[in-house]
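A quick note: this is a predicted structure, and the numbers were derived from the prediction, not measured.
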Amino acid sequence: WTRREGLGRSGWDGTVGKRHLFTIEKSVTRGEGWVLGTRLPMKMKTEVTVNDEAPVLKQLAERMLAVFVESLGATFGE
């Protein structure tokens, strides 16, 4: 996770290697809360999830990545 701060685009970028897979940004439509956007490889569907707490969205993104990697036959160690 890399912190991103700037006018209108405050949040975090989640990358694996050089691939930009996740973004967590302040919600512009709700006025408060955070939005998680995901873009996993192999043309998987882009997901958007909203929550009031960014750490919750980080955990969700990490679980989504684990499920994706496990679907390819790999696993993450504890």
Side-chain angles (χ1 to χ4, degrees):
W1 293 103
T2 304
R3 180 77 167 130
R4 180 176 20 89
E5 295 182 282
L7 190 59
R9 291 199 44 108
S10 179
W12 292 267
D13 292 322
T15 58
V16 175
K18 294 183 180 182
R19 285 198 173 263
H20 182 152
L21 300 179
F22 303 101
T23 59
I24 296 176
E25 298 179 331
K26 279 284 196 184
S27 174
V28 293
T29 57
R30 289 182 47 198
E32 58 184 60
W34 297 90
V35 176
L36 167 65
T38 65
R39 197 174 65 211
L40 292 171
M42 299 171 54
K43 298 183 181 182
M44 292 185 73
K45 179 182 171 192
T46 299
E47 298 286 338
V48 175
T49 305
V50 178
N51 192 289
D52 289 333
E53 297 184 33
V56 171
L57 294 177
K58 285 183 180 181
Q59 291 173 348
L60 174 60
E62 291 166 4
R63 283 194 309 269
M64 292 170 73
L65 180 60
V67 168
F68 171 73
V69 170
E70 289 172 1
S71 77
L72 300 174
T75 60
F76 288 111
E78 290 295 324

Exercise. For L65 and F22, what are the C-alpha separation, side-chain angles and deciding distance, and is it a side-chain contact (heavy atoms from CB on, under 4.5 Å)?
Worked result: CA-CA 10 Å; L65 180 60; F22 303 101; 4.0 Å; yes
For this session: For side-chain contact (heavy atoms from CB on, under 4.5 Å), just list the numbers for R19 and R39, CA-CA rounded to whole Å, side-chain angles, deciding distance to a tenth of an Å, and then say yes or no.
Result: CA-CA 9 Å; R19 285 198 173 263; R39 197 174 65 211; over 6 Å; no
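Residue K58 holds its NZ atom at 13.0 Å from CG of N51, rounded to the nearest 0.5 Å. Rounded to the nearest 0.5 angstrom, R4 CZ and I24 CD1 are separated by 9.5 Å.
Linking Ile, Leu, Val, Met, Phe, Trp and Tyr residues whenever their side-chain heavy atoms come within less than 4.5 Å places V16 and L36 in a single cluster.
A pairwise comparison of heavy atoms in D13 and T23 identifies OD1-CG2, 3.7 Å as the closest pair. Of all heavy-atom pairs spanning D52 and W34, the tightest one is O-CD1, 3.6 Å.
Residues W12 and E5 bring no donor and acceptor atom of their side chains to less than 3.5 Å of each other.
T15 has its side chain out of reach of W1: every pair of non-hydrogen atoms, C-beta onward, lies at least 4.5 Å apart.
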